[in-house]
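A, B, ... follow the sequence lines: proteins, then strands. Residue 1 opens every chain. All heavy atoms count here, side chains included; hydrogens, waters and symmetry mates do not.
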There are 2 protein chains.
Amino acid sequence: MQRSIEPRKKPRQARAAATVEAILQAAAHILEREGLAALNTNHIAERAGVSVGSLYQYFPTKQAIMTEIIRRKRRRLVDAITLSLQAGEGESFDERLDRLIAAAIEHQIEWPRLARNLEIAEAFLPLQEETEALNQALADKIGCFLGHQGIGDVAVATMDLIALVRGMIDAAGLAGETDRTFLAERIGRAARGYLLLPQAAVKTRSMGHSKGIAQRRGSGPTHRR
Amino acid sequence: MQRSIEPRKKPRQARAAATVEAILQAAAHILEREGLAALNTNHIAERAGVSVGSLYQYFPTKQAIMTEIIRRKRRRLVDAITLSLQAGEGESFDERLDRLIAAAIEHQIEWPRLARNLEIAEAFLPLQEETEALNQALADKIGCFLGHQGIGDVAVATMDLIALVRGMIDAAGLAGETDRTFLAERIGRAARGYLLLPQAAVKTRSMGHSKGIAQRRGSGPTHRR
DNA sequence: GAGAAAAGCGAGTAATCGCTCAGATAATAG
DNA sequence: CTATTATCTGAGCGATTACTCGCTTTTCTC
């Protein structure tokens with residue numbers, strides 16, 4: 001039932017490498033311009049200027065193509081975050097936070113529909129593990145940064161910050177915003193509020209049927225199963 | 001090319017109404033437990049304990065089923081937001097904000113994968129108009145609430161707040177969190193930071209190739225096309 | 001150059017899945 | 001009861017599309 005999503009074979013000649021690039025390029029292009037529904041293997045091959053046969057030499061399934069695109073994008077994100085943290089070494093907390101936010105915006109806002117369609121495509125791919133790993137990698141880097149700031153629960157804070165930043169950038173991107181500075185300023189306010197405002201004393205205003213065990217506080221997010 | 005997404009006919013007998021409910025129930029169940037990829041009409045019918053034929057008596061297309069689920073969920077959201085604002089009339093800003101956040105959490109966290117998959121499914125449905133209308137309805141209510149707080153650009157603020165809150169709740173839900181109080185407190189900090197922290201003077205630290213026209217400021221989000 | 005290996009081709013196959021329709025069954029009316 | 005209307009059934013049609021395979025062309029090796 002479940003077919004492979006791993007690449008089939010490595011290209012050995014230059015033209016083969018070019019073919020692989022053309023395929024990925026074409027798929028990304030279709031995702032940005034025509035949407036997920038238009039993404040079928042015949043169309044990808046056509047747009048890439050190769051035959052379906054060639055496509056299937058390097059990717060055993062259509063999902064493998066999407067997987068590779070997602071993996072590359074993730075690699076770029078991790079790199080960008082890493083770089084932005086390195087670049088800001090020695091700077092103030094505020095400056096470094098701004099760098100982080102700017103890097104995230106730059107990464108996500110350039111091709112907003114591609115970004116969104118990739119997130120959607122993930123729903124059809126068996127990538128939960130890799131997603132966890134990515135989040136872990138980001139959490140490590142960002143958590144290390146936050147750790148120096150006396151933030152309490154670093155794991156939770158990291159998850160929240162990523163979610164907050166992603167949510168706001170995605171919404172802005174889909175709304176057609178291109179002014180990165182304005183967006184960065186707004187995200188910065190939310191992030192600073194999250195990180196710096198005092199934690200409210202836990203008023204136990206009961207909040208509906210709280211059917212969970214009162215776990216949590218300083219042990220990281222609970223993962224299902 | 002585009003088929004209808006409106007219900008086909010109203011059930012007139014009790015058992016027919018039960019059939020419709022069973023179908024919607026089954027579809028939602030599949031979305032929560034098995035994911036979007038497993039959502040096909042044969043499977044829905046099977047799980048609902050009816051035949052495909054019956055399914056197509058009430059829903060002309062598969063998309064019509066998803067549309068109905070989404071519409072119901074939206075109706076519940078608007079109702080919950082409205083109620084939470086009414087309930088808090090006369091209370092302080094802080095209390096009302098907390099009510100809003102609690103309502104959003106209650107709405108989104110119960111079936112987190114269903115919520116996520118519905119958002120994804122929307123990408124395949126011709127619901128832009130309704131989505132705009134929903135956002136407008138929420139923006140009106142929330143904007144009216146925010147308007148009394150001296151927030152500058154209410155439209156942008158509303159969009160940002162919704163994105164921020166949704167992002168954080170979704171992430172927490174998918175991570176398996178069930179402690180609503182803890183989550184509400186964190187979201188509250190981010191929201192308050194966004195709303196109450198002073199807008200930073202616009203430092204023109206150039207942020208990459210800012211290829212957009214410097215539009216924006218106080219005129220609401222720019223929508224594509 | 002010859003031979004081998006890699007890359008490319010694209011018509012065709014097979015599987016999936018949305019959806020129909022001809023007829024069976026149940027509820028309701030008179 | 002009969003007639004009528006509402007509901008339900010599920011085998012299978014049709015369209016889409018992921019994927020294969022036998023063959024050709026290009027590049028590499030010696």
Side-chain angles (χ1 to χ4, degrees), chain A residues 1-27 30-31 34-69 121 123-126, chain B residues 1-27 30-31 34-69 117 121 124-126:
Chain A
M1 183 148 199
Q2 175 120 287
R3 305 193 38 142
S4 172
I5 60 166
E6 300 306 321
R8 182 164 268 170
K9 76 179 186 190
K10 282 267 167 69
R12 306 194 168 193
Q13 301 175 2
R15 65 174 175 156
T19 297
V20 170
E21 291 312 305
I23 291 166
L24 294 172
Q25 200 56 31
I30 291 168
L31 283 178
E34 304 176 56
L36 243 186
L39 193 82
N40 63 67
T41 51
N42 295 318
H43 192 184
I44 296 173
E46 184 191 25
R47 167 132 245 143
V50 303
S51 75
V52 243
S54 295
L55 187 155
Y56 277 97
Q57 288 221 344
Y58 304 103
F59 301 97
T61 61
K62 175 179 148 182
Q63 298 197 332
I65 301 172
M66 314 236 274
T67 302
E68 180 60 20
I69 295 177
F124 299 91
L125 266 39
Chain B
M1 185 151 198
Q2 176 118 287
R3 306 194 37 142
S4 172
I5 59 165
E6 300 307 321
R8 183 165 264 170
K9 75 179 189 192
K10 286 265 168 69
R12 306 194 168 194
Q13 299 177 4
R15 66 173 174 155
T19 298
V20 169
E21 292 312 306
I23 290 165
L24 294 172
Q25 201 55 32
I30 290 168
L31 284 178
E34 304 177 56
L36 246 185
L39 192 81
N40 63 66
T41 51
N42 294 317
H43 192 183
I44 296 172
E46 185 191 25
R47 167 133 245 143
V50 303
S51 74
V52 242
S54 296
L55 186 157
Y56 277 96
Q57 290 224 341
Y58 304 103
F59 301 96
T61 61
K62 175 180 147 179
Q63 298 196 333
I65 301 171
M66 315 238 272
T67 301
E68 180 61 19
I69 295 177
N117 284 327
F124 301 92
L125 266 39

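- For the atom pair Gln57(B) CD and Ser51(B) OG, the distance stands at 8.0 Å (nearest 0.5 Å).
- The closest side-chain heavy-atom distance from Phe59(A) to Thr67(A) is not below 4.5 Å.
- Taken residue by residue, residues 38-47 of chain A places heavy atoms nearer than 4.0 Å to DNA chain D at Asn40(A), Thr41(A), Asn42(A).
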Summary of protein contacts for nucleotides 21-30 of chain D, nucleotide by nucleotide, where a base hit scores B, a sugar-phosphate-only hit scores S (4.0 Å, heavy atoms): -----BSS--
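- Atoms CD and OG1, from Glu21(A) and Thr19(A) in turn, are 10.0 Å apart once rounded to the nearest 0.5 Å.
- Note that CD1 of Ile65(B) is 4.0 Å distant from CD1 of Ile44(B), once rounded to the nearest 0.5 Å.
- Atom-to-atom, CZ of Phe59(B) to P of dT20(C) comes out at 15 Å; the value is rounded to the nearest Å.
- The phosphate of dA7(C) has neither OP1 nor OP2 within less than 4.0 Å of any side-chain N or O from Thr19(A).
- Regarding Gln63(A), its CD atom lies at a distance of 13 Å from the C1' atom of dC19(D), rounded to whole Å.
- A distance of 12.5 Å separates OH in Tyr58(B) from CG in Leu24(B), rounded to the nearest 0.5 Å.
- Rounded to whole Å, atom C1' of dA18(D) lies 15 Å from atom CG of Leu125(A).
- Each of Pro11(B) and Thr61(A) was matched to the nucleotide of DNA chain D holding its nearest heavy atom; the match closer to the 5' end belongs to Pro11(B).
- The CG atom of Leu55(B) sits 16 Å away from the P atom of dC21(C) (whole-angstrom rounding).
- Distances shown here put every side-chain N or O of Ser51(A) at or beyond 4.0 Å from the OP1 or OP2 atom of dG10(C).
- For the pair Leu36(B) CG and dG18(C) P, the interatomic distance rounds to 12 Å; values are reported in whole Å.
- We find that CD1 of Ile30(B) is positioned 12 Å from P of dC17(C), with the value rounded to whole Å.
- To the nearest angstrom, P of dG18(C) lies 13 Å from CZ of Phe124(B).
- As a whole-Å value, the separation of Arg12(A) CZ from dG8(C) P is 14 Å.
- When side chains are defined from C-beta on, Leu36(A) counts as touching Phe124(B), because their heavy atoms get closer than 4.5 Å.
- Rounded to the nearest 0.5 angstrom, Leu39(A) CG and Arg47(A) CZ are separated by 11.5 Å.
- Here the straight-line distance linking atom CG of Leu55(A) with atom OG1 of Thr61(A) works out to 10.0 Å at 0.5 Å rounding.
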